[in-house]
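Below you'll find the structure, written out as structure tokens, and then a few comments.
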Amino acid sequence: MSTAEDEAGARRPGEVAVTLPERTDAGVHFIGRIRTPWTRREECPKNPASSDAPCTIELDPRFAQGLADLETFSHVIVLYWMDRAARDLVVQRPRSHGAPRGVFALRSPARPNPIALSCVRLERIEGTHLHVRGLDCLDGTPLIDLKPYLPSIDCHPDASFGWKTADTTTRQHGKAS
Ligand SMILES: C[S@@+](CC[C@H](N)C(=O)[O-])C[C@H]1O[C@@H](n2cnc3c(N)ncnc32)[C@H](O)[C@@H]1O
């Protein structure tokens, strides 16, 4: 599947789609593009933790001055726009997890505003190119924002795994990939 239309035609049992509002409430500026080794969704890592592949974030040169001081951080939060995802699925049935789940309890790219995030390791910045590891998106995915990752704010060692607890336990025992 390569387009939202393709995806819309491939609903799984238990999934629920809604009619989206006719108009959007705000606009975004894509501030760059993300270059990755993956051109098909099936090739993409399912999440940033499952790939260490080098990727490049190409910032639009007009925003270059905004990169000042970012290189002082080891990790950066990257927000990007999943431009090839459906937007109307409020209940989804993840291929690998069986039961239908609410979209806001999922990290699925298909959501009303298809915004994704990854916390990436920043290796170096060359001009307006950021060399990073830890992304899971298709080549050419639009970039929305960059923010420094701050362990004192963003790290929660006591966080729960929610409905994914069983999945995580299984994985730790080596029964799933
Ligand atoms: C499960 S999402 C997680 C995204 C992000 N790390 C997050 O947690 O918000 C990652 C998957 O989205 C899909 N994907 C990647 N780039 C996409 C794009 N530009 N449009 C639509 N789907 C995309 C791929 O199947 C990839 O494995």
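Just follow the structure's listing: the first ligand is 1, and inside any ligand the first atom is 1.
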Testing the basics here: between L138 and T141, what is the closest heavy-atom pair and its distance to 0.1 Å?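 Shortest heavy-atom separation between L138 and T141 comes out as O-OG1, 2.6 Å.
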
How close do R101 and P94 get, counting heavy atoms only, and between which atoms?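 The answer is CG-CD, 4.4 Å.
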
Solution key, residues 66-76 side-chain donor-acceptor pairs under 3.5 Å, sequence neighbours excluded:
{"from": "E71", "atom 1": "OE1", "to": "D69", "atom 2": "N", "distance (Å)": "3.4"}
{"from": "T72", "atom 1": "OG1", "to": "D69", "atom 2": "O", "distance (Å)": "2.7"}

Through direct or indirect side-chain contacts below 4.5 angstrom among Ile, Leu, Val, Met, Phe, Trp and Tyr, which residues connect to W163?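 Members alongside W163: L106.
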
Going by atom type alone, with no hydrogens or angles, which donor-acceptor pairs under 3.5 Å involve a side-chain atom of residues 52-63 and a protein atom two or more places apart or on another chain?
{"from": "D60", "atom 1": "OD1", "to": "R62", "atom 2": "N", "distance (Å)": "2.9"}
{"from": "D60", "atom 1": "OD2", "to": "R62", "atom 2": "NE", "distance (Å)": "3.2"}

Just by distance, with hydrogens left out, do N113 and R87 show a side-chain donor and acceptor under 3.5 Å apart?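 Present: a donor and an acceptor within the cut-off.
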
Distances only, to 0.1 Å: what are the N or O pairs between ligand 1 and the protein that fall under 3.5 Å?
{"from": "ligand 1", "atom 1": "6 (N)", "to": "Y80", "atom 2": "OH", "distance (Å)": "3.4"}
{"from": "ligand 1", "atom 1": "6 (N)", "to": "L117", "atom 2": "O", "distance (Å)": "2.9"}
{"from": "ligand 1", "atom 1": "6 (N)", "to": "S118", "atom 2": "OG", "distance (Å)": "3.4"}
{"from": "ligand 1", "atom 1": "6 (N)", "to": "D136", "atom 2": "OD2", "distance (Å)": "2.5"}
{"from": "ligand 1", "atom 1": "8 (O)", "to": "R107", "atom 2": "NE", "distance (Å)": "2.8"}
{"from": "ligand 1", "atom 1": "8 (O)", "to": "R107", "atom 2": "NH2", "distance (Å)": "3.0"}
{"from": "ligand 1", "atom 1": "9 (O)", "to": "L117", "atom 2": "N", "distance (Å)": "3.0"}
{"from": "ligand 1", "atom 1": "16 (N)", "to": "L138", "atom 2": "N", "distance (Å)": "3.0"}
{"from": "ligand 1", "atom 1": "19 (N)", "to": "D83", "atom 2": "OD1", "distance (Å)": "2.8"}
{"from": "ligand 1", "atom 1": "19 (N)", "to": "T141", "atom 2": "OG1", "distance (Å)": "3.0"}
{"from": "ligand 1", "atom 1": "20 (N)", "to": "R84", "atom 2": "N", "distance (Å)": "3.0"}
{"from": "ligand 1", "atom 1": "27 (O)", "to": "P45", "atom 2": "O", "distance (Å)": "2.7"}

